[in-house]
Amino acid sequence: MLGMTYFLEMKFLINKKVFIPRPETEELVHWIIKNHFNNKNKMQVFDLCTGSGCIGISLKKKLSNIIENVYAIDFSNESIKIARKNAVLNNVKINFMITDIIKNIDSIPNSIINNNFTNLIVSNPPYIKTSNKKNLHYNIICYEPHDSIFVSDKNPIIFYKNISSWIIKKFNGIVYLYFEIDSIYNNIITKNLKSLGFFNIKTKKDFQGIYRMIYAEYHSG
């Protein structure tokens with residue numbers, strides 16, 4: 001209703017075209033900052049399914065000493081428009097790109113995958129089954145974009161699979177991966193990451209005691 005919200009004490013513009021940032025996502029970003037605050041190596045960040053841009057913008061703001069580039073990627077032109085405004089509002093410079101993670105993740109140019117940096121990939125993708133729509137609050141159904149919330153019942157972890165497979169195909173060196181998840185997919189996502197060669201996999205509960213975050217590493221080359 002106000003057209004704005006706060007995320008990590010930073011102001012973000014929102015509308016019906018973008019998913020409203022949640023406290024659980026703040027916890028994910030806090031976890032990333034805590035884990036990498038003392039890093040000495042320069043990093044670049046890929047924020048996939050960026051929405052309002054809250055993750056990528058916050059990381060660039062809070063870890064400006066080590067993050068060289070942020071690529072905020074979303075399939076929605078409307079989301080990217082809002083995210084651009086939020087980057088200006090919070091006085092950070094990041095790069096934006098329109099790409100469908102399900103249909104065309106490989107269209108992300110190889111030229112921006114700079115393996116001279118440590119790469120960090122983070123995503124809070126859609127993860128609620130379409131069949132669960134009836135169980136959600138009226139406000140969510142009516143005032144937030146369904147494409148940013150719901151995923152097909154047939155393959156509910158498709159975003160996680162596509163992103164993980166893209167990493168092992170495209171990246172060399174050290175990659176840090178962070179996902180926000182639905183706790184019911186914790187084991188299956190972890191199993192998929194292990195099968196692809198990710199290691200040091202960790203899960204973390206949110207403030208409600210629900211498994212909501214996964215961290216993993218991938219080293220190649």
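A quick note: this is a predicted structure, and the numbers were derived from the prediction, not measured.
- Within 6.0 Å of CG on Asn200 lie more than 12 heavy atoms contributed by other residues, nucleotides or ligands.
- Taking CD1 of Ile167 as the reference point, atom CG of Asn172 lies at 12.5 Å (rounded to 0.5 Å).
- Side-chain contact check for Val45 versus Lys60: every heavy-atom pair is 4.5 Å or farther apart.
- Side-chain atoms of Asp100 do not come within 3.5 Å of backbone N or O of Asn104 as any donor-acceptor pair.
- Under the 4.5 Å side-chain criterion, counting only non-hydrogen atoms from C-beta, Asn110 is in contact with Lys170.
- Here the straight-line distance linking atom NE2 of His30 with atom NZ of Lys34 works out to 11.5 Å at 0.5 Å rounding.
- Rounding to the nearest 0.5 Å gives a distance of 12.5 Å between NZ of Lys62 and CD1 of Ile57.
- Between the Asn162 side chain and the Ile102 main chain, a donor and an acceptor come within less than 3.5 Å of each other.
- Looking only at side-chain heavy atoms (C-beta outward), His36 and Ile67 stay at 4.5 Å or farther from each other.
- Placement of Phe37 and Met10 within a single hydrophobic cluster is found when ILVMFWY residues are connected by side-chain heavy-atom separations under 4.5 Å, directly or transitively.
- Taken from NZ in Lys16 to CD1 in Ile14, the straight-line distance is 12.0 Å, to the nearest 0.5 Å.
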Verdict with reasoning, Trp31 to Met213, per side-chain contact (heavy atoms from CB on, under 4.5 Å): CA-CA 9 Å; Trp31 195 25; Met213 295 156 266; 3.5 Å; yes

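- The minimum heavy-atom distance linking Ser58 with Phe7 is given by the pair OG-CD2, 3.3 Å.
- Here the side chains of Asp206 and Tyr211 are not in contact, with every heavy-atom distance at 4.5 Å or above.
- Between the side chain of Arg212 and the main chain of Ile181, a donor-acceptor pair closer than 3.5 Å is present.
- With 3.5 Å as the limit, one finds no donor-acceptor pair spanning the side chains of Asn41 and Asn39.
- Between Ser183 and Lys205 there is no side-chain heavy-atom pair separated by less than 4.5 Å.
- A donor-acceptor pair is defined here as one N or O able to donate and one able to accept, closer than 3.5 Å; such a pair exists between the side chain of Ser123 and the backbone of Leu48.
- Under a hydrophobic-cluster definition in which Ile, Leu, Val, Met, Phe, Trp and Tyr are linked whenever side-chain heavy atoms come within less than 4.5 Å, directly or via other members, Phe96 and Leu120 are assigned to the same cluster.
- Asn35 and Tyr178 share a side-chain donor-acceptor pair at under 3.5 Å.
- Here the two rings, on Phe171 and Phe46, have centers that are under 6.0 Å apart.
- Nearest heavy atoms, Pro125 versus Glu180: CD-O, 3.8 Å.
- Contact between Phe12 and Cys54 at its shortest, heavy atoms only, is CE2-CA, 3.4 Å.
- Atoms CG and CG, from Leu177 and Leu196 in turn, are 10.5 Å apart once rounded to the nearest 0.5 Å.
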Ile55 and Asn124: CA distance, side-chain angles, deciding distance, side-chain contact (heavy atoms from CB on, under 4.5 Å) verdict: CA-CA 9 Å; Ile55 295 177; Asn124 177 21; 4.1 Å; yes

Derivation of the side-chain hydrogen bond (donor to acceptor under 3.5 Å, both in side chains) call for Asn192 and Lys161: CA-CA 7 Å; Asn192 181 66; Lys161 287 181 176 179; 5.8 Å; no

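- Residues Glu24 and Phe207 have side chains in contact (heavy-atom distance under 4.5 Å, counting atoms from C-beta outward).
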Trace of the side-chain contact (heavy atoms from CB on, under 4.5 Å) decision for Ile163 with Phe179: CA-CA 10 Å; Ile163 292 168; Phe179 284 138; 3.9 Å; yes

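- A donor-acceptor pair under 3.5 Å is formed between the side chain of Asp74 and the backbone N or O of Gly51.
- No continuous path of ILVMFWY side-chain contacts below 4.5 Å connects Ile214 to Ile32, so the two sit in separate hydrophobic clusters.
- When all heavy atoms are compared, the tightest approach of Thr50 to Ala72 is OG1-CB, 3.6 Å.
- A heavy-atom distance below 4.5 Å is found between the side chains of Leu59 and Ile33.
- Using a 4.5 Å cut-off between side-chain heavy atoms of Ile, Leu, Val, Met, Phe, Trp and Tyr, with links allowed through other members, Ile101 and Leu193 fall into the same hydrophobic cluster.
- Remark: Ile112 CD1 is packed, more than 12 non-hydrogen atoms of other residues, nucleotides or ligands lying under 6.0 Å away.
- Between the side chain of Thr25 and the backbone N or O of Pro21, no donor-acceptor pair lies under 3.5 Å.
- Shown here for Ala87 and Ile94, the closest heavy-atom pair between the two residues is CB-CG1, 4.3 Å.
- Proximity of Val122 to Tyr176: side-chain heavy atoms (C-beta onward) are nowhere separated by under 4.5 Å.
- Of the possible donor and acceptor atoms, none in the side chain of Glu217 sits under 3.5 Å from a partner among the backbone N and O of Val175.
- Ion pairing between Lys169 and Asp106 holds under the 4.0 Å rule for side-chain N and carboxylate O.
- Of the possible polar contacts, one joining the Asn95 side chain to the Val70 backbone as a donor-acceptor pair under 3.5 Å is found.
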Evaluation steps, side-chain contact (heavy atoms from CB on, under 4.5 Å), between Lys103 and Phe75: CA-CA 10 Å; Lys103 296 179 180 178; Phe75 82 99; over 6 Å; no

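- By the 6.0 Å and 45° rule, Lys42 does not stack over the aromatic ring of Phe117.
- Rounding to the nearest 0.5 Å gives a distance of 14.5 Å between CZ of Arg84 and CG of Leu13.
- The two residues Gln44 and Asn114 have their closest heavy-atom pair at NE2-N, 2.9 Å.
- Lys11 and Asn90 form no side-chain donor-acceptor contact under 3.5 Å, judged by distance and modelled atom types alone.
- Leu28 and Tyr185 are assigned to two separate hydrophobic clusters, defined by single-linkage of ILVMFWY side chains at heavy-atom distances under 4.5 Å.
- The backbone N or O of Asn15 sits nowhere less than 3.5 Å from a side-chain atom of Glu78 that would complete a donor-acceptor pair.
- Within a 6.0 Å sphere centred on CD of Gln208, other residues, nucleotides and ligands contribute more than 12 heavy atoms.
- Counting only distance, with no hydrogens or angles, the side chain of Asp47 and the backbone of Gly56 share a donor-acceptor pair below 3.5 Å.
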